[in-house]
Amino acid sequence: MDVMRVKNADEGGKKAFEILKEGIANGANTFGLATGSTPETMYSYMVASDVDFSDKVSVNLDEYVGLDGNDEQSYRYFMDQHLFNHKPFKKTYVPNGKATDLDAECQRYDGVIADNPIDIQVLGIGQNGHIGFNEPGTSFDATTHVVELTDSTVNANKRYFDKIEDVPTRALTMGIQSIMKSKKIILMAFGKAKADAVKSMLEGEVTENLPASVLQNHGDVVVILDEDAASKL
Ligand SMILES: N[C@@H]1[C@@H](O)[C@H](O)[C@@H](COP(=O)(O)O)O[C@@H]1O
């Protein structure tokens, strides 16, 4: 994995955006996108740029079960607010958290991914090493599935909600197998809370107990770290 150290999240977002631009110049058309605070600076650079995404496609990683796309805590809403309302794409896909048949929704989303092979996948990382919402213990062969979120993840994400009881405990997520099929992957991590997960991802064994460690098996990964996230390497 190619590790890039930056001063802060702003510089990291700028670097990630430059890699996206280079990808577009080389024909990248479909982008796997992530939510969370980590990619926010990259989205700001995308929005502020003159790059036209109106012929591009995005396929998001995950969505909370039970939240409608108009719900301010949903990942669809996050993406609309941070990116799509400002930079229209040809087509944007996010799993449907309100689907009545969740198994059917997982299958539908696998079809979306198969029809739209991802050129560049953007990832953050959870404090427990999760990618998307693939929690520790998830099979590396997993495709889109429903997950029960761990206490660690619910706790980390509660800052977006009024109270912890409001944080959904289930989510739909793209599986690790699909993430690994992306041609190129950019993973960003900022802040001290990510330092342990980053160390295990880069220096630990490849194990389903630390989902991001699977990226050691991918041939084209750029990891962008600020000083705090890189502090334990
Ligand atoms: N499903 C998302 C992940 O895609 C994200 O990487 C993680 C870290 O979030 P943050 O970037 O806010 O630290 O949070 C959530 O669990």
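As a basis for the values below, the full set of heavy atoms in this structure was taken, side chains included, without hydrogen atoms, waters or symmetry mates. One-based numbering, in listed order, for ligands and for the atoms of each.
- Taking 4.0 Å as the cut-off between side-chain N and carboxylate O, K184 and D220 count as a salt-bridged pair.
- The hydrophobic cluster containing V146 also includes V65, L102, L172, under a criterion of side-chain heavy atoms closer than 4.5 Å among ILVMFWY residues, counted directly or through chains of members.
- No option in T92, N96, T35 other than T92 meets the side chain to side chain donor-acceptor pair (under 3.5 Å) test with R76.
- Checked for salt-bridge contact, D166 and K163 meet the test: a charged N lies under 4.0 Å from a carboxylate O.
- Counting non-hydrogen atoms of other residues, nucleotides and ligands closer than 6.0 Å to NZ of K87 gives a total above 12.
- No donor-acceptor pair under 3.5 Å is formed between the side chain of H130 and the backbone N or O of N128.
- Taking a heavy-atom cut-off of under 4.0 Å, ligand 1 is surrounded by G36, S37, T38, D62, Y75, G124, I125, H130, G132, F133, N157, R159, Y160, K194.
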